[in-house]
Amino acid sequence: MDSQFFAIRVTGGQEENVANFIYKNAILNENEVYSLTYLTSQKGYLIVEAKSGQDIREAIAGIRHVKELVPGLLKIEDFDKLLIKKPTITEYSVGEVVDIVMGPFKGMKAKITKIDLSKMEVTVMLLDAPYPLSLTVDSSYLKPPKNR
Amino acid sequence: MPKESACRKCKALTSGKVCPICSSTDLTSRWSGLIIILDPERSKVAQMLNIKNKGRYAIEVS
Ligand SMILES: [Zn+2]
């Protein structure tokens, strides 16, 4: 029997706590709950993978900050891209040439000149600009080169 | 409860100094998102992410 995906609505800010409580409950009750996911882009929701809605209803019973089991099923295709890790700032190195994928300089190539881990920012020099132009961006603006 | 750390290699969460899944000591307090795997064999999320062990994982680690 395939697993099914459901969304539950929870109090914003309590997503991780609620997930941990459902985790404990599901083990205690031996519910067929297979995974719990909290995507930071979907505040106020958890995605629960289970054998059935009944397994989830039992696992969430009595847990504070659970508002409702959202009617209907999700498909893994609805959210799988959000589970795949984006390149993180520590994967870049100074001197590396990257593609800019967001903002006004989208599509240009740039060379990394500085990485600020405390601010999670990367400073780059645009390579396609007619004059040396340096800018500091969030790492999500960048994409590593394909041939890496 | 103090915030846990995430393993930079396998993204497992731990409150210790060593990753309980892969034994790495390369841990970080900078992580976000949460995946809890209760049944790695039946979970499609676990299969997609190639997670073989039960446990709690971060989605993004830096
Ligand atoms: Zn690990």
Side-chain angles (χ1 to χ4, degrees), chain A residues 1-5 15-43 46-51 55 59 74-77 79-92 115 117-122 138-140, chain B:
Chain A
M1 173 78 189
D2 263 3
S3 63
Q4 297 181 312
F5 291 96
E15 298 89 350
E16 290 178 21
N17 281 336
V18 172
N20 291 333
F21 278 118
I22 298 173
Y23 179 36
K24 285 180 194 148
N25 251 7
I27 291 171
L28 214 65
N29 303 339
E30 299 183 350
N31 301 125
E32 300 244 15
V33 174
Y34 304 143
S35 75
L36 296 156
T37 301
Y38 166 48
L39 300 164
T40 49
S41 57
Q42 309 289 319
K43 295 216 185 299
L46 293 174
I47 298 166
V48 188
E49 181 181 11
K51 187 175 180 182
D55 284 289
L74 294 172
K75 290 199 282 289
I76 194 164
E77 295 80 27
F79 63 91
D80 60 354
K81 283 175 193 64
L82 300 168
L83 297 175
I84 306 286
K85 165 174 166 270
K86 287 185 281 184
T88 56
I89 192 164
T90 51
E91 292 176 50
Y92 293 106
I115 296 172
L117 286 175
S118 64
K119 290 188 189 150
M120 305 284 281
E121 285 173 349
V122 181
D138 185 272
S139 63
S140 61
Chain B
M1 192 176 92
K3 179 113 167 153
E4 295 155 294
S5 299
C7 172
R8 281 204 173 94
K9 281 195 178 144
C10 74
K11 299 202 234 169
L13 297 174
T14 178
S15 40
K17 298 243 184 287
V18 178
C19 173
I21 305 290
C22 76
S23 305
S24 166
T25 53
D26 188 7
L27 308 180
T28 174
S29 58
R30 287 175 180 273
W31 58 270
S32 65
L34 176 66
I35 295 179
I36 303 180
I37 300 295
L38 293 89
D39 189 331
E41 270 152 37
R42 291 210 179 88
S43 165
K44 286 181 201 158
V45 168
Q47 284 160 20
M48 199 187 75
L49 297 173
N50 206 19
I51 295 176
K52 306 266 186 251
N53 295 281
K54 288 182 193 180
R56 299 169 58 255
Y57 298 83
I59 295 176
E60 277 188 79
V61 166
S62 52

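In the text below, chain A, chain B and the rest are named by the order of the sequence lines, each starting its count at 1.
Only the side chain of A:Glu49 has a heavy atom closer than 4.5 Å to any heavy atom of chain B. Contact of A:Gln42 with chain B is not made at all, since no heavy-atom distance falls under 4.5 Å.
When each of A:Leu46, A:Leu39, A:Ile47, A:Thr37 is scored by its heavy-atom pairs under 4.5 Å with chain B, the top score falls to A:Thr37.
Applying the salt bridge (Lys or Arg N to Asp or Glu O under 4.0 Å) test to pairs two or more places apart or on separate chains, none has a residue in residues 17-27 of chain A.
Distance CD1/A:Ile22 to CG/A:Asn31: 10.5 Å, rounded to 0.5 Å.
In this structure, the side chains of A:Lys75 and A:Phe5 stay at 4.5 Å or more apart for every pair of heavy atoms. Side-chain contact check for B:Val45 versus A:Phe79: some heavy-atom pair is nearer than 4.5 Å.
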